[in-house]
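Heavy atoms only: backbone and side chains are in, while hydrogens, waters and symmetry mates are out.
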Amino acid sequence: MAARKSRRAQETKLFVLDTNVLMHDPTSIFRFEEHDLFLPMMTLEELDNNKKGMSEVARNARQTSRFIEELIAGREHNLHEGVSLEQPSKGQAIGHLFLQTEAITSVLPSQLPMGKADNQILGVVHHLQQMQPKRQVILVSKDINMRIKARAMGLAAEDYFNDKVLEDTDLLYTGMREIEPSFWDTNGKDLQSWQENGRSYWKIKGPDCPDLYTNQMLYQSVDGFAARVIGVEGKQATLESLKDYSHNKNAIWGITARNREQNFALNLLMNPDIDFISLLGQAGTGKTLLTLAAGLAQTLESKIYSEIIMTRVTVPVGEDIGFLPGTEEEKMQPWMGALEDNLDVLNQSDAEAGDWGRAATRDLIRSRIKVKSLNFMRGRTFLNKFLIIDEAQNLTPKQMKTLITRAGPGTKVVCLGNISQIDTPYLTEGSSGLTFVVDRFKGWGHSGHITLQRGERSRLADYAAETL
């Protein structure tokens, strides 16, 4: 029995967790499958130092402490043998959790001051590697410098990857697919086509159909064909023709689509059956402008929604300028420069209104747009609202879930963002909440996604985006 246990220990790895991993994802304890985990005393000490406050980090520190307490309650006498994670994780992890139960005095290079928490954790990794030379002992940390120091000492170190939705964001769902003329030969067996309410419909059957997603846009560059997938059943799919929003007669609040992707986006934004939309794209691709135009048209003209609510994460690009005076709306105003800029564009679209008419329109629009802070969203329910989440790439998956679950009956949620402009520490393109929702919502019948590619801001902005 002892021989089998030691053989298993050699086959599985021992991961030493740094504090920042636990504060980033409290459930990381249950994410290492058959491998064992070790928590140094310094990690617990740092969790204790970071537990105060209402920030996401403090909440995660408290949640981690609760998880550990539940795991070790009643097992204090045999902690040195490790606590099995199989039952608490419902079979997701079958390894053991070890806590540091004795003082470890490992000899580190004299250049590393022992008083520093990071160096004490490195000392623990070094000691464990010496104690178990035949086993792989790996430090897991989200701190790059900590990993560099560990590798410089000849210790194995890794980043925490389990929170990543995708390894490569180039594989992220774009919401559209270019089809070759041969697509119709392959999938045109038993092709049915008909017209209804001014739209054309096609029912196709073939090997490519199971790979299509509901609300995915299909297009052909050659003849300008574009359609939306409205249903997929096994090897059958139904397509619907799109409304052409690039034509002036279909302008939304004076705005027309300037390229194919913008037309796709407006088709989704103006569709009352689609409750959740995500728009990805570089700066200047028109995400906010198209969303606001569609929101105003459906709030003030067709009256589908009662008002527009706009929110975003308040993460500064540079140094923070300190506290801001005023009410919640006034405090959010400096963060909503993008909203003001786009409202100016939308207000100029009616050339015949004159200054008085435009001023009246601006006041009417402002009365229907509410700017809210993320901090006060918990517990709210929005009924018949058009909710815009701007700069959504700075949200964690958990924050994104909190926001989207605010939606009550009749509410449409639109997430806008650019995953190459993340300002939140510890968030990457692969682990951003925006990447998370794009991946998880694809194929749901009431959601749509489009990745906008062409900048329509100015030739200067386009050139800067390419060359800088």
Side-chain angles (χ1 to χ4, degrees), residues 14-33 35-73 83 85 88-89 92-93 95 97-100 115-125 137-150 155 157-165 313-316 320 374-375 377-378 393-403 422-436:
L14 179 62
F15 287 104
V16 181
L17 295 193
D18 191 6
T19 322
N20 48 44
V21 175
L22 296 167
M23 292 194 300
H24 176 72
D25 178 11
T27 61
S28 57
I29 301 171
F30 310 119
R31 305 272 190 216
F32 287 86
E33 296 171 351
H35 305 291
D36 294 338
L37 301 183
F38 188 94
L39 293 186
M41 198 53 72
M42 202 63 219
T43 295
L44 300 175
E45 192 68 37
E46 285 192 295
L47 279 177
D48 188 52
N49 293 340
N50 286 285
K51 71 183 179 187
K52 293 181 181 68
M54 296 306 294
S55 67
E56 189 79 9
V57 167
R59 278 193 204 102
N60 287 348
R62 292 194 292 270
Q63 184 57 55
T64 305
S65 302
R66 284 187 210 112
F67 280 152
I68 297 169
E69 215 260 336
E70 283 170 21
L71 286 169
I72 65 171
V83 178
L85 296 169
S89 68
Q92 285 184 320
L97 173 71
F98 295 90
L99 298 183
Q100 183 184 335
K116 202 168 179 217
D118 285 5
N119 298 340
Q120 289 192 31
I121 293 171
L122 288 173
V124 170
V125 181
V137 179
I138 301 166
L139 170 70
V140 181
S141 174
K142 292 199 75 65
D143 183 344
I144 296 173
N145 291 327
M146 178 98 157
R147 298 201 297 270
I148 293 169
K149 279 201 281 189
L155 303 171
E158 286 181 9
D159 192 0
Y160 176 66
F161 294 114
N162 207 286
D163 59 331
K164 287 196 173 170
V165 183
V313 198
T314 50
V315 182
D320 207 330
L374 270 177
N375 306 345
M377 287 293 184
R378 184 77 83 202
Q393 75 274 5
N394 288 324
L395 288 162
T396 64
K398 198 173 168 189
Q399 288 172 319
M400 192 64 100
K401 181 184 176 182
T402 302
L403 272 181
I422 295 175
D423 303 313
T424 311
Y426 294 140
L427 269 192
T428 60
E429 292 185 7
S431 60
S432 162
L434 186 55
T435 312
F436 179 68

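- For the pair Val140 and Asp18, the minimum side-chain heavy-atom distance is 4.5 Å or more.
- Here Phe38 contributes atom CZ and Leu97 contributes atom CG; the two are 9.5 Å apart, rounded to the nearest 0.5 Å.
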Stepwise, does the side-chain contact (heavy atoms from CB on, under 4.5 Å) test hold for Phe30 with Leu71? CA-CA 11 Å; Phe30 310 119; Leu71 286 169; 4.2 Å; yes
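- When side chains are defined from C-beta on, Thr43 does not count as touching Leu17, because their heavy atoms never get closer than 4.5 Å.
- Across every non-hydrogen atom of Phe436 and Pro397, the tightest pair is CD2-CB, 3.5 Å.
- Among all heavy-atom pairs drawn from Arg147 and Ser141, the shortest one is NH1-O, 2.7 Å.
- Proximity of the aromatic rings of Phe15 and Phe32 is defined here by a centroid distance below 6.0 angstrom, and this criterion is met.
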As a quick check of understanding, evaluate side-chain contact (heavy atoms from CB on, under 4.5 Å) for Asn50 and Met23, giving each step before the final call. CA-CA 9 Å; Asn50 286 285; Met23 292 194 300; 3.6 Å; yes
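- Residues Asn394 and Gln399 approach most closely at O-OE1, 4.1 Å, considering heavy atoms.
- Once rounded to the nearest 0.5 Å, the distance linking OG1 of Thr396 with CG of Asn60 reads 8.0 Å.
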Determine whether Leu22 and Leu39 satisfy the following criterion, side-chain contact (heavy atoms from CB on, under 4.5 Å), listing intermediate values before the conclusion. CA-CA 10 Å; Leu22 296 167; Leu39 293 186; 4.0 Å; yes
Do Asp143 and Asn145 pass the side-chain hydrogen bond (donor to acceptor under 3.5 Å, both in side chains) test, and can you show the C-alpha distance, the side-chain angles, and the key distance before you say yes or no? CA-CA 6 Å; Asp143 183 344; Asn145 291 327; 4.5 Å; no
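- Nearest heavy atom pair, residue Val124 against residue Pro40, reads CG2-CB, 4.0 Å.
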Working for side-chain contact (heavy atoms from CB on, under 4.5 Å), residues Lys142 and Asp159: CA-CA 5 Å; Lys142 292 199 75 65; Asp159 192 0; 3.5 Å; yes
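- Between Gln63 atom CD and Ile68 atom CD1 the span is 10.5 Å, to the nearest 0.5 Å.
- Considering Glu46, His24, Glu45 in turn, Glu46 is the only one that fulfils the side-chain hydrogen bond (donor to acceptor under 3.5 Å, both in side chains) rule with Thr19.
- In this structure, Arg62 contributes its side chain and Lys51 its backbone to a donor-acceptor pair below 3.5 Å.
- Residues Leu403 and Leu395 are in side-chain contact: their nearest non-hydrogen atoms beyond the backbone lie under 4.5 Å apart.
- Between Phe98 and Leu14, the shortest heavy-atom distance links the atoms CD1-CD1, 4.4 Å.
- Side-chain contact check for Ile121 versus Leu139: some heavy-atom pair is nearer than 4.5 Å.
- Rounding to the nearest 0.5 Å places CE of Met42 at 10.5 Å from CG of Leu47.
- Phe67 places a side-chain heavy atom less than 4.5 Å from the side chain of Thr27.
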